[in-house]
Amino acid sequence: DEQGPMVRSLFFDLPLKPQPLAPKQTRCAVVYCLTGNLSGGGPLVLSDMSKSLDIPYATSFFVQTQHIFTRAEASDERDRESVQMENLLGVSWRGRCMVKGLIESQCRQEALEVSEALAKLITEDFRSACC
């Protein structure tokens with residue numbers, strides 16, 4: 001049985017990697033939404049919208065990501081079940097920006113790092129639950 005969406009909002013200070021014209025940290029606002037029913041055969045989708053409040057051009061854009069989890073076919077007899085994760089990223093522009101390419105490139109890099117960390121956490125959790 002499918003549940004309704006689960007939504008959480010987070011507000012926090014995030015230390016930043018050294019970048020030209022960027023502060024050492026920024027306030028962030030993130031809204032997460034989890035939907036779907038992986039146990040019922042459908043996808044499980046973790047969506048988020050995030051905004052950094054103290055960086056240059058902060059009022060010009062926000063970032064949207066989705067992590068879509070689906071059941072995957074077992075690759076051999078040892079695999080009882082496996083889950084595949086697809087990652088999508090978009091930058092929604094609300095205003096003009098002279099460094100649009102730089103911001104989009106940085107967003108892609110950060111999204112890749114977050115996806116790798118999320119996959120590692122999920123893998124470790126599955127291993128500890130199964131073994």
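What you see below is based on every heavy atom in this structure, not just the backbone, and it leaves out hydrogens, waters and symmetry mates.
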*Identify, with sequence neighbours excluded, every residue that meets side chain to side chain contact (heavy atoms under 4.5 Å, CB included) alongside R96.*
none

Taking the side chain as C-beta and beyond, is there a heavy-atom pair between [X] and [Y] under 4.5 Å?
{"X": "Y57", "Y": "M98", "result": "yes"}
{"X": "M6", "Y": "C33", "result": "no"}
{"X": "V114", "Y": "L112", "result": "no"}
{"X": "K120", "Y": "E116", "result": "no"}
{"X": "P56", "Y": "P23", "result": "yes"}
{"X": "V83", "Y": "R71", "result": "no"}

_Listed partners of E110 passing salt bridge (charged side-chain N to carboxylate O under 4.0 Å, His left out), at least two apart_ = K17

Hey, could you give me the [atom1]/[atom2] distance between [X] and [Y], rounded to the nearest 0.5 Å?
{"X": "E113", "Y": "L118", "atom1": "CD", "atom2": "CG", "result": "13.5 Å"}
{"X": "Y32", "Y": "L46", "atom1": "OH", "atom2": "CG", "result": "7.0 Å"}
{"X": "L89", "Y": "H67", "atom1": "CG", "atom2": "NE2", "result": "9.5 Å"}
{"X": "R94", "Y": "C97", "atom1": "CZ", "atom2": "SG", "result": "14.5 Å"}
{"X": "K100", "Y": "S105", "atom1": "NZ", "atom2": "OG", "result": "14.0 Å"}
{"X": "Q66", "Y": "N87", "atom1": "CD", "atom2": "CG", "result": "10.0 Å"}

*Sort and list the pairs that fulfil salt bridge (Lys or Arg N to Asp or Glu O under 4.0 Å) and have at least one residue in residues 35-63, not counting sequence neighbours.*
R27-D54

*Fellow cluster residues of F62, listed by chain then number, with links counted only when side-chain atoms sit under 4.5 Å apart*: M49

*asked:* Who clusters with I68? Use side-chain heavy atoms, under 4.5 angstrom, across I, L, V, M, F, W and Y, and order the result by chain and number.
replied: V45, L88

_Step-by-step side-chain contact (heavy atoms from CB on, under 4.5 Å) determination, D125 to T123_ = CA-CA 5 Å; D125 192 48; T123 300; over 6 Å; no

Expected list for residues 7-16: side-chain donor-acceptor pairs under 3.5 angstrom, two or more places apart:
none

